[in-house]
Amino acid sequence: MNFDLQLQGQRALVTGGTKGLGAAVVKSLQEVGVQVMTTARSAPDRPLEGVTYVQTDLTTAEGVSELARVVREQWGGVDILINSVGGSTAPAGGFAALDDAVWLSELNLNLMSAVRLDRALLPAMLAKRAGVVLHVTSIQRVLPLPESTTAYAAAKGALSTYSKSLSKEVTPKGVRVLRVSPGWIETEASVVFAERMGAEAGTDYEGGKKMVMDWLGGIPVGRPATPQEVADLITFLVSPRAASVSGSEHVIDGGTVPTV
Ligand SMILES: NC(=O)c1ccc[n+]([C@@H]2O[C@H](COP(=O)([O-])OP(=O)(O)OC[C@H]3O[C@@H](n4cnc5c(N)ncnc54)[C@H](OP(=O)(O)O)[C@@H]3O)[C@@H](O)[C@H]2O)c1
């Protein structure tokens, strides 16, 4: 079967595309003929030839404006916008460890970066009555881990609600809006984390991995997802083959979320 994703020649902006999931999405899109621009605060260790890298901090309004300016100057606009940037730097210790500065930092990274960038780039999509906006959320929005990720989980919850509302507004005007909600992804950073947890408990990476899976209540498929598996789902969803998919959240967690 020839399963052409029909993405050849499209222009995509992927935020946070130098590491982890974002880097896998950049590579996947490029492999199917998409012109890709991506962002991070620092330059990539292994830049891909043909990909445009823009160094900017997306937690600030100025950083987002600067990125939107580069997009307009180089391309005029984008066909696909993938908001992958996100994460958590909150300390452990439950609610009491989360002061205003931590809350605002988690909200700026996981919610406002996407809100601001969508606001800057959507008008050009709407003018063409075409485009796709995708938000990377997390299963933590329905499965928060209170020891250290309450603010991150709440920010992802807000991102998800925002995404649904945006979809209701702009899908009738030709722009699809989607969410992908990963469980644990085995990125380089999460391997380092599991190794550290394992070492602290006197075991190796496999031991640390089992500890993390236990904290999540287990992963029925028995392992985290690879960045490539999540990138494959995203690549399909932003393609014209998924033209009737909009407003929905697509969980990829190996069965981690235990409820319907
Ligand atoms: N990993 C998981 O298990 C997992 C699970 C569920 C959901 N997710 C979600 O998936 C997405 C990707 O996560 P990941 O784990 O793959 O991330 P990651 O490996 O930590 O990579 C994050 C990327 O974003 C960039 N970045 C970070 N802060 C930035 C900022 N302020 N401005 C601009 N760029 C910034 C980083 O580069 P610089 O550091 O150079 O800026 C990097 O390219 C996030 O939305 C995350 O919440 C991840």
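Read the numbers this way: they start at 1 and go in the same order the structure lists the ligands and their atoms.
Ranked by closest heavy atom to atom 26 (N) of ligand 1, the top entry among T59, V85, I252 is V85. Across the listed options K19, R141, H135, K19 owns the non-hydrogen atom lying nearest to atom 21 (O) of ligand 1. With distances taken over non-hydrogen atoms, the option nearest atom 17 (O) of ligand 1 out of G86, G16, S84 is G86.
Closer than 4.0 Å to atom 34 (N) of ligand 1 lies at least one heavy atom of the protein.
Tested against N83 for a side-chain contact (heavy atoms from CB on, under 4.5 Å), the candidates D118, L134, L13, V136 yield a single pass: D118. Each of V132, L81, V170 was compared with V177 under the side-chain contact (heavy atoms from CB on, under 4.5 Å) criterion, and only V170 meets it.
Using a 4.0 Å cut-off between heavy atoms, T15 makes no contact with ligand 1 at all. Heavy atoms of T137 found under 4.0 angstrom from ligand 1 belong exclusively to the backbone. The proximity of K156 to ligand 1, defined as any non-hydrogen pair under 4.0 Å, is limited to the side chain. Contacts between D57 and ligand 1 below 4.0 angstrom, taking non-hydrogen atoms only, involve backbone and side chain alike.
The ligand atoms of ligand 1 that sit less than 4.0 angstrom from a heavy atom of T56 are 32 (N), 33 (C). Residue G20 has at least one heavy-atom neighbour below 4.0 Å for each of these atoms of ligand 1: 16 (O), 19 (O).
For atom 48 (C) of ligand 1, the closest non-hydrogen atom of the protein is I185 CD1, 3.9 Å. With hydrogens left out, the protein atom closest to atom 29 (C) of ligand 1 is R41 NE, 3.4 Å, a heavy atom.
Remark: ligand 1 and A40 share no N or O pair separated by less than 3.5 Å (distance only, no angle test). Distances between N or O atoms of L21 and those of ligand 1 include at least one value under 3.5 Å.
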